[in-house]
A.B. asks: 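After the structure tokens below, expect a handful of questions from me.
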Amino acid sequence: MAGMFAYESSEVDWCEDNYKHSENVVEYFNTMSSFVFFVVSPIMLYLFHPYARERNLAVHLVWLLMIFVGLFSMYFHMTLSYVGQMLDEISILWVLAIGYALWFPRRHFPFFVKDRTTFSRMVLAITVVTTLSSFIRPTANAYALNCFALHILYSLGLEMRRYAPLTWAARTRRALRLAQASVGLWVLAISCWISDRFGCSVWQKLNFCYLHGIWHILIVVATAYGSTLVAYLDASYEIPHSLPSLQYWPRDDWALGLPYIALRGTAKTRKGC
Ligand SMILES: CCCCCCCC/C=C\CCCCCCCC(=O)N[C@@H](CO)[C@H](O)/C=C/CCCCCCCCCCCCC
Ligand SMILES: [Ca+2]
Ligand SMILES: [Zn+2]
């Protein structure tokens with residue numbers, strides 16, 4: 001039992017040199033870069049609030065859990081322990097599960113599922129089973145999790161194809177721009193993850209072993225962009241009376257910023273629907 005908490009008891013070891021900067025922290029840069037979760041998550045909780053209040057307060061679970069993902073990611077890279085690895089991966093699985101339960105488009109539900117409550121219960125059951133199965137072959141978990149990203153991209157592609165031809169209004173261009181940015185960030189992030197995993201000898205020769213830490217930063221921003229986009233598409237179909245629009249924080253005209261959904265629906269427009 002104690003062995004599961006032991007330093008380096010995980011079978012996974014990332015490219016960064018172990019104990020290079022501290023004798024208590026196995027992978028220093030990977031540990032420190034997980035701090036980005038604690039910066040982005042509270043901001044996203046704040047930015048998501050108007051949409052969550054209108055749609056479902058459970059939306060907040062996504063970014064609340066992301067704080068735990070950050071915490072477990074720090075613990076994992078600090079110790080490279082088996083428990084750290086499992087906590088890191090299982091918490092990601094539950095963020096994905098909540099995302100699917102909240103935002104997976106109704107029209108793609110299996111034919112035997114009639115409403116979102118039933119769909120959410122099904123997702124919950126699958127997630128419990130998957131959580132238990134994750135102990136069978138822990139080294140396969142990260143690859144399985146990355147497959148979900150591919151499925152999200154596929155579903156997003158279908159949704160954008162359906163949404164974009166509706167109109168070429170400014171709001172459509174904004175949604176398309178956000179989709180491009182989300183996919184671009186994910187491609188950069190996954191390239192870092194794969195390169196760290198499989199190209200370590202090359203990066204060691206170049207004396208640059210920080211790609212996994214860079215992945216942490218990019219994947220958090222990709223999740224902020226991607227989750228805002230799926231939430232925006234959801235809002236456009238499910239609460240159109242609140243007139244959702246995409247904006248950027250801290251300033252809408254800045255090239256770099258975090259996206260959020262502004263609701264312009266007045267009390268009058270809401271009553272009318
Ligand atoms: C219709 C559903 C919409 C759901 C949208 C929200 C989904 C957000 C889901 C997950 C958040 C990702 C958090 C990543 C944490 C990284 C921690 C980490 O680095 N762990 C590694 C070990 O240290 C581990 O090896 C990584 C495993 C792979 C994780 C794969 C996560 C999938 C990310 C999906 C991101 C979607 C972006 C969408 C862009 C269009
Ligand atoms: Ca290492
Ligand atoms: Zn990591």
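When a ligand or atom number is given, it counts from 1 through the structure's own listing order. When a residue number appears, it is its place in the shown sequence, counting from 1.
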A.B. asks: Would you mind counting protein N, O or S atoms that sit less than 3.0 Å from the Ca ion (ligand 2)?
C.D. replies: 5
A.B. asks: Please work out which of L145, T228, V230 has its closest non-hydrogen atom nearest to atom 29 (C) of ligand 1.
C.D. replies: L145
A.B. asks: By the definition side-chain hydrogen bond (donor to acceptor under 3.5 Å, both in side chains), identify the one residue from T228, N56, D234 that meets it with Y51.
C.D. replies: D234
A.B. asks: What protein heavy atom is closest to atom 23 (O) of ligand 1, reported as residue, atom name and distance in Å?
C.D. replies: H77 NE2, 3.0 Å
A.B. asks: Take the Zn ion (ligand 3) and tell me which protein N, O or S atoms are nearer than 2.8 Å.
C.D. replies: H77 NE2, H212 NE2, H216 NE2
A.B. asks: Could you tell me which atoms of ligand 1, counted from 1 in the order shown, lie closer than 4.0 angstrom to a heavy atom of L96?
C.D. replies: 9 (C)
A.B. asks: Classify the ring geometry of Y210 against F208: parallel below 30°, tilted from 30° to 60°, perpendicular beyond 60°.
C.D. replies: perpendicular
A.B. asks: Just going by heavy-atom distances, which of S227, G226, S182 is nearest to atom 6 (C) of ligand 1?
C.D. replies: S227
A.B. asks: Just jot down the ligand 1 atoms closer than 4.0 angstrom to any heavy atom of L156, in number order.
C.D. replies: 40 (C)
A.B. asks: To which protein heavy atom is atom 33 (C) of ligand 1 closest, and what is the distance rounded to 0.1 Å?
C.D. replies: I219 CD1, 4.1 Å
A.B. asks: Out of L153, L102, I152, who gets a non-hydrogen atom closest to atom 40 (C) of ligand 1?
C.D. replies: L153
A.B. asks: So which heavy atom in the protein is nearest atom 26 (C) of ligand 1, and how far is it from that ligand atom?
C.D. replies: W193 NE1, 3.7 Å
A.B. asks: Give the single entry among E89, M66, E27, H216 that approaches atom 13 (C) of ligand 1 most closely by any heavy atom.
C.D. replies: M66
A.B. asks: Would you kindly say whether the two SG atoms, from C209 and from C200, are closer than 2.5 Å?
C.D. replies: no
A.B. asks: Hey, does Y232 have a side-chain heavy atom less than 4.5 Å from the side chain of Y163?
C.D. replies: yes
A.B. asks: Of the protein's non-hydrogen atoms, which lies at the shortest distance from atom 21 (C) of ligand 1, and what is that distance?
C.D. replies: D88 OD1, 3.7 Å
A.B. asks: May I ask which of P105, A224, G184, A149 has a heavy atom nearer to atom 34 (C) of ligand 1 than the others do?
C.D. replies: A149
A.B. asks: For atom 30 (C) of ligand 1, which protein heavy atom lies nearest, and how many Å away is it?
C.D. replies: N146 OD1, 3.3 Å
